[in-house]
Amino acid sequence: MTGSSGSRRFTRRTRLAAALAALIVPLAGSAALAAQASASATSTARTTPDPSQLTVATTAVASNLGRISAMVAPDDGSNRMLVVDKNGVVRVFRPGEGVAAQPYLDITNRVNTSGNERGLLGIATSPNFSETRTLFIVYTRLPDGAVTLARFKLADAAQPTVPADTEEVLITQPHAQFSNHNGGQIAFGPDGYLYWSLGDGGGSGDPFNTAQDLTQLLGKILRLDVMRVCEGRLYCIPPDNPFAKTRNARPEIWAYGLRNPWRFSFDQADGSLWIGDVGQNQTEEVDRLAAKQRGANLGWSCKEGPNIFNETRCLDKEKYVDPVFSYQSGGSAPECSVTGGFVYRGEEFADIAAGTYVATDYCTGKTWGLQRRTNGSVRTAEIGNLPARITTFGVDSDGEIYAGTDSVGGSISELHKVTFSQR
């Protein structure tokens, strides 16, 4: 079955259900019938086969983009994606057109790239970008490697370049002792707030237990209102953040107990948060938090994935949230590091892949599909192999998934479109 023909069948079924709902309501005058027709349309749209019936593949669409580390598609109708080179450059890619010759943003003169995990790490554009015109980035700064959240306010959403000297720094998190575990993903949630993941500070075994320390931002996912200024800050604290009014806790924290949540994303259908948290040579994990699931403790470094890692840091009455998926890494396993992706919500492959979350392993390219069932359980299957060295996923304005590979050891970075077929 091809993706394009399946998409047409999917669209016709959904439109037919919606049309029936529109006809039934005025004829029957029944709210119950209207709700039933609407539920039927939603159920049809979300019907997805078991992920074990899927096979994933990619098509290269661009190359020589440096060390790809993040990407985002502004919601401004421009049909462009902003692709991040870890060395400090952002470039514009348009499906079917390629990569613009001129960089969109260049901050190479302020980015610390020493160590494999430092650099320009994350990017996000404000919701309703045509009007709000604000770009956000995360990078490790020169000279000390502090993890930095910054924004740029644009005069025009369509301007071809962003002047580097218009930067406003919102938060800096010291990170000088170790170069690894910077996290760095940023994304706006369906609630309009910016979420930001930070690693535990690096080293091995979270030496200072920062992931469980609520007085620190390391090892956390933060939730920020970055479109306003409050109380002397260049951002505000959402009033329903779990620790907004807690003494001896940073009010920015949304979730904690994370080792290095390198990539996370939101499911646009239900607002759930999916996190790929990199393990320590034993277990890679994917976590899922329901929309508005505040203050979740993901367990590190008491636990690594579903397993006990450091029993001395486990608290008897603490409620740890276990991952929805984990796999072995390191040791005799060739797998090494999870790269979290997205729940597929595009149209091209909707009839066979809608609702499927995709994650891959950096070293091997082994790829898994996860799908949350109506009873709350998550079914998982290997769905093939993507190219090795995938560092990040992104979605374009149509909801189609893309993946970027790293350029290491003389290899060339590539941007790929992810495709699905049915076995």
Regarding [X] and [Y], does a basic nitrogen lie under 4.0 Å from an acidic carboxylate oxygen?
X	Y	value
Asp206	Arg259	no
Asp85	Arg91	yes
Asp225	Arg233	no
Lys303	Glu285	no

Practice task
Could you verify whether a donor N or O on one side chain and an acceptor N or O on the other, from Gln212 and Asn297, lie under 3.5 Å apart?
Solution key: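 Yes - a donor-acceptor pair under 3.5 Å links their side chains.
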Exercise for the section: Compute whether any side-chain donor of one residue and acceptor of the other, for Asn241 and Tyr193, lie under 3.5 angstrom apart. Expected result: no
Between [X] (side chain only) and [Y] (backbone N and O only), is there a donor and an acceptor less than 3.5 Å apart?
X	Y	value
Ser265	Gly341	yes
Ser397	Asn79	no
Asp200	Ala211	no
Ser407	Gly66	yes
Glu414	Ala403	no
Asn128	Thr132	no
Asn182	Glu117	yes
Thr367	Gly365	yes
Asp75	Phe129	yes

Problem - Option passing side chain to side chain donor-acceptor pair (under 3.5 Å) with Ser329 (candidates Gln282, Glu284, Gln280, Glu335) - result: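 Between Ser329 and the candidates, side chain to side chain donor-acceptor pair (under 3.5 Å) is satisfied uniquely by Glu284.
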My understanding is that only residues two or more places apart in sequence, or in another chain, count here; which of them pass side chain to side chain contact (heavy atoms under 4.5 Å, CB included) with [X]?
X	answer
Arg373	Asn375, Ser377, Arg379
Arg372	Arg288, Val378
Lys292	none

To the closest 0.5 Å, what do you measure between [atom1] ([X]) and [atom2] ([Y])?
X	Y	atom1	atom2	value
Leu217	Glu252	CG	CD	5.5 Å
Phe349	Glu400	CZ	CD	6.0 Å
Gln328	Asp361	CD	CG	11.5 Å
Asp213	Leu218	CG	CG	9.0 Å

Exercise for the section: Over 60° means perpendicular and under 30° means parallel, so classify the ring planes of Trp368 and Phe325, tilted if in between. Expected result: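 Ring orientation, 0 to 90° scale: tilted.
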Practice task
Please state whether the rings of Trp274 and Tyr357 are parallel, tilted or perpendicular, taking 30° and 60° as the class boundaries.
Solution key: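 Ring orientation of Trp274 relative to Tyr357: parallel.
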Let me check something: any side-chain donor-acceptor pairs from residues 167-174 under 3.5 Å, sequence neighbours excluded? List them with distances.
unit_1 : atom_1 : unit_2 : atom_2 : d
Glu167 : OE1    : Arg110 : NH1    : 2.7
Glu167 : OE2    : Tyr139 : OH     : 2.6
Glu168 : OE1    : Arg151 : NE     : 2.9

Exercise for the section: Evaluate the criterion side chain to side chain contact (heavy atoms under 4.5 Å, CB included) for residue pair Phe243 and Tyr256; output intermediate values, then yes/no. Expected result: CA-CA 11 Å; Phe243 306 106; Tyr256 64 109; 4.0 Å; yes
Completion exercise
What one should report as the nearest heavy-atom pair of Pro323 and Val286 is CB-O, 3.2 Å
Completion exercise
Residues pairing under ring pair (Phe, Tyr, Trp, His ring centres under 6.0 Å) where one sits in residues 369-394, two or more places apart or in two chains, turn out to be none
Exercise for the section: Under the ring-ring contact (aromatic ring centres under 6.0 Å, His included) rule, collect the residues that match up with Phe178, sequence neighbours excluded. Expected result: none
Handout entry: Criterion ring-ring contact (aromatic ring centres under 6.0 Å, His included) against Tyr195, the qualifying member of Phe136, Phe266, Phe188
Key = Phe266
